Amino acid sequence: MSETIARIVSEREGGVLILTLDQPARRNALAMPLRVQMIDALRAAQGDKATRAIVVTGAGGHFCSGGDISGMDVNSAMEGRERMRLSHELIRLMVLGSVPVVAAIEGYCVGAGLSIACASDTVVAAEDARLAAGFGKIGLMADLGLPHTLPLRVGQGKARQILLYHNQMTATEAERIGLVDHVVPKGHALATAMEKARFLAEQAPAPMALTKQMLGEGLDRALEQERHFQSTLFLTKDFAEGRAAFLGKRTPAFKGD
C-alpha cells in the first residue's frame with residue numbers, strides 16, 4: 001500500500017463495527033485524513049441501531065504510532081484551534097457517544113494512539129504492545145483528551161510520570177497500573193476485543209449510553225482548555241525545533257521559546 005494513502009477500513013460482524021487504522025507503512029500515524037474518516041464512521045454509528053459496539057484496531061501489526069508530525073504545519077492560532085476542534089470531535093464521539101468502544105492494540109500505541117486507547121471503554125493489548133505518551137519530545141503537550149482520560153484510568157501520580165517522562169511501557173506494566181484492561185498473547189488482541197464487543201452488543205443499549213455520558217462528565221471543559229493550550233504551543237519555537245529534530249532524526253535542543 002502506498003505510504004501516501006491513509007484510510008479507515010470499516011467491517012461489520014453482527015452488531016459489532018470494526019474500524020481499522022490502515023496506513024501500515026507509517027505504523028498508522030493518525031494523520032488528519034484518518035481523523036476525518038474516523039469521525040465520519042463514528043458519527044454514522046451513533047445513528048445506526050444495528051451498531052451495538054465498536055472495535056478500533058490498527059493494520060500491519062501496530063495500533064497507532066501517534067500523530068502525523070510531518071503534517072503538523074500550523075501557521076496561525078486559528079489554524080491550531082481548528083485542528084484541535086476537529087480532533088476533539090473524534091474524542092467526543094468515542095467518550096460521550098452512545099456506542100461502547102473496545103481498543104485492540106498490537107505493537108506501538110504511542111502519542112495520539114494512546115489518546116485513542118484511553119478514549120475507549122475497554123483496552124485489550126497484546127503482550128508485545130508498547131505504550132507511551134511522548135508528546136513532549138516534539139515540544140507539545142498531550143492532546144486528544146489524554147490529560148483528562150489518562151488520570152481517570154491510572155490516577156494523577158502515574159499520569160504525571162507517563163506524560164512528563166515519555167517512557168515506553170509494556171502491556172504487562174500498563175495492565176498493572178490500570179492503563180490496559182486485558183493482556184493477551186501476541187496476535188490475539190483483535191480476537192479478544194471482538195469477544196468483549198460481542199458481549200457489549202448483546203446488552204441493552206440505553207443504559208450503556210447513559211453510563212458513558214455520566215462517566216464522560218468534565219470532558220468538554222478539559223477539551224476546551226486543551227484546545228487553547230495546544231494551539232498556543234503549535235506556534236512556539238520549541239515546537240518548531242521539536243518537529244524539525246524529529247523529521248531530521250536528531251535530538252531536539254529546546255530553549256523555552
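Treat the numbers as computed from the prediction; the structure is a model and nothing was measured.
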Practice problem: Of all the heavy-atom pairs spanning Ala129 and Ile105, show the shortest one and how long it is. | Solution: CB-CG2, 3.9 Å
Practice problem: Applying side chain to side chain contact (heavy atoms under 4.5 Å, CB included), run through Ile54 and Leu19 and close with a yes or a no. | Solution: CA-CA 7 Å; Ile54 296 169; Leu19 300 179; 4.0 Å; yes
Quiz item: In Å and rounded to the nearest 0.5 Å, what is the CG to CZ distance from Leu34 to Arg7?
Solution: 10.5 Å
Quiz item: If Ile, Leu, Val, Met, Phe, Trp and Tyr residues are connected whenever their side-chain heavy atoms lie under 4.5 Å apart, and connections chain through other members, are Phe234 and Phe254 in the same group?
Solution: no
Practice problem: For Thr170 and Glu127, run side chain to side chain contact (heavy atoms under 4.5 Å, CB included): C-alpha distance rounded to whole Å, both residues' side-chain angles, the deciding distance at 0.1 Å, then the answer. | Solution: CA-CA 7 Å; Thr170 65; Glu127 57 193 5; over 6 Å; no
For residues 132-152, please give each side-chain donor-acceptor pair under 3.5 Å, one per line with the distance, not counting sequence neighbours.
from, atom 1, to, atom 2, distance (Å)
Asp143, OD2, Gln230, NE2, 2.9
Thr149, OG1, Gly145, O, 3.2

Quiz prompt | Listed partners of Asp238 passing side-chain hydrogen bond (donor to acceptor under 3.5 Å, both in side chains), at least two apart | solution = none
Quiz prompt | Atom pair CG (Asp48) and CG (Leu17), whose distance is rounded to the nearest 0.5 Å | solution = 8.0 Å
Practice problem: Determine whether Val110 and Leu131 fall in the same hydrophobic cluster, where Ile, Leu, Val, Met, Phe, Trp and Tyr are linked whenever their side-chain heavy atoms lie under 4.5 Å apart. | Solution: no
Quiz item: Shortest non-hydrogen contact from Pro24 to Gly60?
Solution: CB-CA, 4.0 Å
Quiz item: Which atom names give the shortest non-hydrogen contact between Gly14 and Arg12, and what distance separates them?
Solution: O-CG, 3.2 Å
Exercise. Of all the heavy-atom pairs spanning Ala53 and Ala197, show the shortest one and how long it is.
Key: CB-O, 3.4 Å
Practice problem: Tell me, yes or no, whether the heavy-atom count around Lys158 atom NZ, taken from other residues, nucleotides or ligands under 6.0 Å, exceeds 12. | Solution: no
Quiz item: Are there more than 12 heavy atoms of other residues, nucleotides or ligands under 6.0 Å from atom CZ of Phe246?
Solution: no
Quiz prompt | Gap separating the CZ atom of Phe63 from the OG1 atom of Thr57, nearest 0.5 angstrom | solution = 6.5 Å
Practice problem: Quick one: closest heavy-atom pair of Ser10 and Ala41, and the distance? | Solution: OG-CB, 4.4 Å
Quiz item: Are Ile91 and Leu215 grouped together when hydrophobic residues (ILVMFWY) are joined by side-chain heavy atoms under 4.5 angstrom apart?
Solution: no
Quiz item: What pairs meet the ring pair (Phe, Tyr, Trp, His ring centres under 6.0 Å) rule with one or both residues in residues 83-108, with sequence neighbours excluded?
Solution: His62-Tyr108
Quiz prompt | Whether over 12 other heavy atoms sit under 6.0 Å from Arg160 CZ | solution = no
Practice problem: Please list, chain by chain and in numerical order, all residues satisfying salt bridge (Lys or Arg N to Asp or Glu O under 4.0 Å) with Arg81, sequence neighbours excluded. | Solution: Glu224
Quiz item: Going by atom types alone, do Ser70 and Arg26 pair a side-chain donor with an acceptor below 3.5 Å?
Solution: yes
Exercise. Answer yes if the side chains of Asp22 and Thr20 hold a donor-acceptor pair under 3.5 Å, and no otherwise.
Key: no
Quiz item: With distance as the sole criterion, is a donor-acceptor pair present between the side chains of Arg227 and Ser87 under 3.5 Å?
Solution: no
Exercise. Output all residues satisfying side-chain hydrogen bond (donor to acceptor under 3.5 Å, both in side chains) with Arg153, sequence neighbours left out; order by chain, then residue number.
Key: Asp181
Practice problem: Check the pair Ile39 / Arg43 against side chain to side chain contact (heavy atoms under 4.5 Å, CB included), numbers first and verdict last. | Solution: CA-CA 6 Å; Ile39 287 168; Arg43 188 185 293 127; 3.3 Å; yes
Quiz item: Linking Ile, Leu, Val, Met, Phe, Trp and Tyr through side-chain heavy atoms less than 4.5 Å apart, which residues share a cluster with Met208?
Solution: Val16, Ile18, Val55, Val102, Val124, Val184, Leu190, Met194, Phe199, Leu200
Quiz item: Is the number of heavy atoms from other residues, nucleotides or ligands within 6.0 Å of CZ (Arg221) greater than 12?
Solution: no
Quiz prompt | ILVMFWY network linking Tyr165 to Met169, side-chain heavy atoms under 4.5 angstrom | solution = no
Quiz prompt | Same apolar cluster: Leu86 and Ile8, side chain cutoff 4.5 Å | solution = yes
Practice problem: List the steps and the verdict of salt bridge (Lys or Arg N to Asp or Glu O under 4.0 Å) for Arg92 and Asp220. | Solution: CA-CA 8 Å; Arg92 284 189 173 93; Asp220 283 330; 2.6 Å; yes
Practice problem: Evaluate salt bridge (Lys or Arg N to Asp or Glu O under 4.0 Å) for Glu241 paired with Arg250, printing each intermediate quantity in order. | Solution: CA-CA 10 Å; Glu241 165 62 12; Arg250 61 175 175 81; 2.7 Å; yes
Practice problem: Inspect the contact between Glu89 and Arg35 and indicate whether a charged nitrogen and a carboxylate oxygen are less than 4.0 angstrom apart. | Solution: no
Quiz item: Can you list the steps and then say if Val123 with Glu175 is a side chain to side chain contact (heavy atoms under 4.5 Å, CB included)?
Solution: CA-CA 9 Å; Val123 180; Glu175 183 187 36; over 6 Å; no
Quiz item: Should Arg85 and Glu82 count as an ion pair when the cut-off is N to O under 4.0 Å?
Solution: yes
